[in-house]
Amino acid sequence: MRRRFTTVLGVLALLGSLTTACGGGDETEAGAQQLKIGYQRFGGQSLVKAKGEAADAQWSLFESGPALTEALKAGAIDIGQTGEAPPIFAAAGQTDFKIIATSEPVPQGEAVLVKEKSGFTSFKDLKGKKVALNKGSNVNWLLVKLLEANGLKIEDIEVQYLKPAEARPAFDNDQVDAWIIWDPYFSLAQYEGVKVLADATGLANNREYLLASPKALEEKGDLIREFVKTYREVTDWGIANPAERVKLLAPELKIPEDVAARALERSAKPLAPVTPAIGDELQEIADGFTTLELIPTKVDMKSRIDDRFTDLLK
């Protein structure tokens with residue numbers, strides 16, 4: 001088992017690293033504009049990259065949504081995909097962006113993991129226990145909904161805000177009692193002796209969101225439109241061809257094929273257009289964070305919705 005832990009820690013280190021594709025800015029050597037794409041090692045964007053699509057773009061890898069939105073704020077990327085909470089924390093941090101696409105709900109793609117030996121049978125059993133999660137990521141909202149559903153307050157548990165690469169060894173070594181995590185880290189952690197205490201079903205939609213800087217939308221609108229079109233086509237291809245998708249993505253994600261297959265089976269969903277209802281959904285999450293003082297002030301998420309690419313996503 002120790003060898004497996006060592007291997008997994010190595011995978012987590014790779015997943016958590018930041019790598020930037022070759023390319024030195026907004027223009028190629030020929031003087032053409034270049035799209036700067038931020039991505040995480042999962043989701044449709046990883047498949048676009050693995051298939052060699054958008055090869056002229058500059059690709060930058062991030063461990064989590066909050067890190068990606070920081071790069072968006074700094075102008076290091078033009079677009080990128082995150083879960084549902086990072087855009088809200090980014091808005092609270094005065095990051096300027098628009099939400100140009102989303103996905104169908106992915107509630108099975110995030111979960112609370114515990115050790116079978118713990119004897120925990122429900123989230124209520126975690127009262128007074130140490131629970132690890134990445135602050136500002138999609139699992140932050142899942143925690144809020146789990147507490148609400150189980151009649152608990154955030155003070156009733158001991159929250160440990162840890163990045164995935166930090167949370168995994170803490171979970172493995174019983175330094176925390178539970179880990180709230182998303183795929184593919186979720187799938188990587190499903191080794192013998194680990195069980196799913198709860199997932200987001202009935203609590204959170206756990207959608208994927210594609211964010212773009214307003215400046216890029218103005219200056220690189222045609223490139224972004226072409227990328228969204230490609231993103232949709234490649235995502236649809238992957239859903240229709242799951243075996244081929246796993247073969248392509250496992251090396252890109254640097255995880256075993258069985259792990260990739262398990263994660264993709266529950267977490268790969270079609271892209272969808274952003275609508276006023278999506279704005280309402282995000283606003284509800286944002287207001288919940290404001291009430292709990294997880295963000296310092298109320299933010300307007302509805303104004304971030306940009307539906308100019310709806311024709312590509314229907």
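Both backbone and side-chain heavy atoms feed into the values below; hydrogens, waters and symmetry mates do not.
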Should the heavy atoms of other residues, nucleotides or ligands under 6.0 Å from [atom1] of [X] be counted, would the total exceed 12?
{"X": "Q175", "atom1": "CD", "result": "yes"}
{"X": "K195", "atom1": "NZ", "result": "yes"}
{"X": "D222", "atom1": "CG", "result": "no"}
{"X": "E116", "atom1": "CD", "result": "yes"}

Is the backbone N or O of [Y] less than 3.5 Å from a side-chain atom of [X], with the two atoms forming a donor-acceptor pair by type?
{"X": "K115", "Y": "D172", "answer": "yes"}
{"X": "K36", "Y": "G75", "answer": "yes"}
{"X": "T290", "Y": "A286", "answer": "yes"}
{"X": "Q33", "Y": "E219", "answer": "yes"}
{"X": "S187", "Y": "P184", "answer": "no"}
{"X": "Q283", "Y": "V299", "answer": "yes"}
{"X": "T69", "Y": "L72", "answer": "no"}
{"X": "S118", "Y": "V114", "answer": "no"}
{"X": "E265", "Y": "R262", "answer": "no"}
{"X": "Q58", "Y": "I37", "answer": "no"}

Work out which heavy atom in [X] is nearest to a heavy atom in [Y]; give both atom names and the distance.
{"X": "V259", "Y": "L188", "answer": "CG1-N, 3.8 Å"}
{"X": "L197", "Y": "L126", "answer": "CD2-CD1, 3.9 Å"}
{"X": "E63", "Y": "Q40", "answer": "O-OE1, 3.8 Å"}
{"X": "L312", "Y": "K229", "answer": "CD1-N, 4.0 Å"}
{"X": "D199", "Y": "L142", "answer": "O-CD1, 4.3 Å"}
{"X": "A101", "Y": "L313", "answer": "CB-CD1, 3.7 Å"}

>> Looking at F186, I'd like to know if the NZ or CZ of R266 sits under 6.0 Å from its six-membered ring centre while staying within 45 degrees of the ring's axis.
In response: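 Geometry flag: set, cation within 6.0 Å and 45°.
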> Between Y185 and R168, is there a cation-pi geometry (under 6.0 Å to ring centre, at most 45° from the normal)?
Replying inline: no
> Where do Y39 and W59 land on the side-chain contact (heavy atoms from CB on, under 4.5 Å) test, with the steps shown first?
Replying inline: CA-CA 7 Å; Y39 77 111; W59 290 82; 3.6 Å; yes
Validation row: [X], [Y] side chains within 4.5 angstrom (heavy atoms):
{"X": "P164", "Y": "I181", "result": "yes"}
{"X": "L133", "Y": "L162", "result": "no"}
{"X": "P270", "Y": "I239", "result": "yes"}
{"X": "R41", "Y": "K254", "result": "yes"}
{"X": "D183", "Y": "V106", "result": "no"}
{"X": "Q81", "Y": "L211", "result": "no"}
{"X": "S213", "Y": "I79", "result": "no"}

Decide, yes or no, whether a salt bridge links [X] with [Y] under the criterion of side-chain N to carboxylate O below 4.0 Å.
{"X": "D306", "Y": "R308", "answer": "yes"}
{"X": "E53", "Y": "K49", "answer": "no"}
{"X": "E208", "Y": "K269", "answer": "no"}
{"X": "K247", "Y": "E257", "answer": "yes"}
{"X": "D174", "Y": "K117", "answer": "yes"}
{"X": "E148", "Y": "K145", "answer": "yes"}

Tell me yes or no: between the side chains of [X] and [Y], is some donor less than 3.5 Å from an acceptor?
{"X": "E84", "Y": "N206", "result": "no"}
{"X": "R207", "Y": "S103", "result": "no"}
{"X": "D287", "Y": "T291", "result": "no"}

>> One pair to check against ring pair (Phe, Tyr, Trp, His ring centres under 6.0 Å): F89 and F289. What are the steps and the verdict?
In response: CA-CA 9 Å; F89 281 83; F289 284 156; 5.1 Å; yes
> Can you list the steps and then say if D56 with Q34 is a side chain to side chain donor-acceptor pair (under 3.5 Å)?
Replying inline: CA-CA 7 Å; D56 293 334; Q34 184 180 42; over 6 Å; no
> Which is it for R225 and D311 under the salt bridge (Lys or Arg N to Asp or Glu O under 4.0 Å) test, yes or no, and what are the steps along the way?
Replying inline: CA-CA 10 Å; R225 170 167 280 275; D311 60 307; 3.1 Å; yes
What distance do [X] atom [atom1] and [Y] atom [atom2] have between them, rounded to the nearest 0.5 Å?
{"X": "I100", "Y": "L210", "atom1": "CD1", "atom2": "CG", "value": "4.0 Å"}
{"X": "L146", "Y": "L143", "atom1": "CG", "atom2": "CG", "value": "6.5 Å"}
{"X": "N134", "Y": "S64", "atom1": "CG", "atom2": "OG", "value": "4.5 Å"}
{"X": "L217", "Y": "F97", "atom1": "CG", "atom2": "CZ", "value": "12.0 Å"}
{"X": "M301", "Y": "I278", "atom1": "CE", "atom2": "CD1", "value": "11.5 Å"}
{"X": "Q190", "Y": "D258", "atom1": "CD", "atom2": "CG", "value": "10.5 Å"}

> What do the steps show when you test I224 against L35 for side-chain contact (heavy atoms from CB on, under 4.5 Å), and what is the final call?
Replying inline: CA-CA 7 Å; I224 293 176; L35 192 62; 3.7 Å; yes
>> Set out, in order, the CA-CA distance, both residues' side-chain angles and the distance that settles side-chain contact (heavy atoms from CB on, under 4.5 Å) for Y161 and V159, then state yes or no.
In response: CA-CA 6 Å; Y161 288 121; V159 179; 3.6 Å; yes
> Yes or no on side-chain contact (heavy atoms from CB on, under 4.5 Å) for R245 and L264, after CA distance, side-chain angles and deciding distance?
Replying inline: CA-CA 9 Å; R245 178 180 61 192; L264 288 163; 3.8 Å; yes
>> Parallel, tilted or perpendicular, judged at 30° and 60°: which one describes the rings of F227 and Y231?
In response: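 Tilted, since the angle between the ring planes falls between 30° and 60°.
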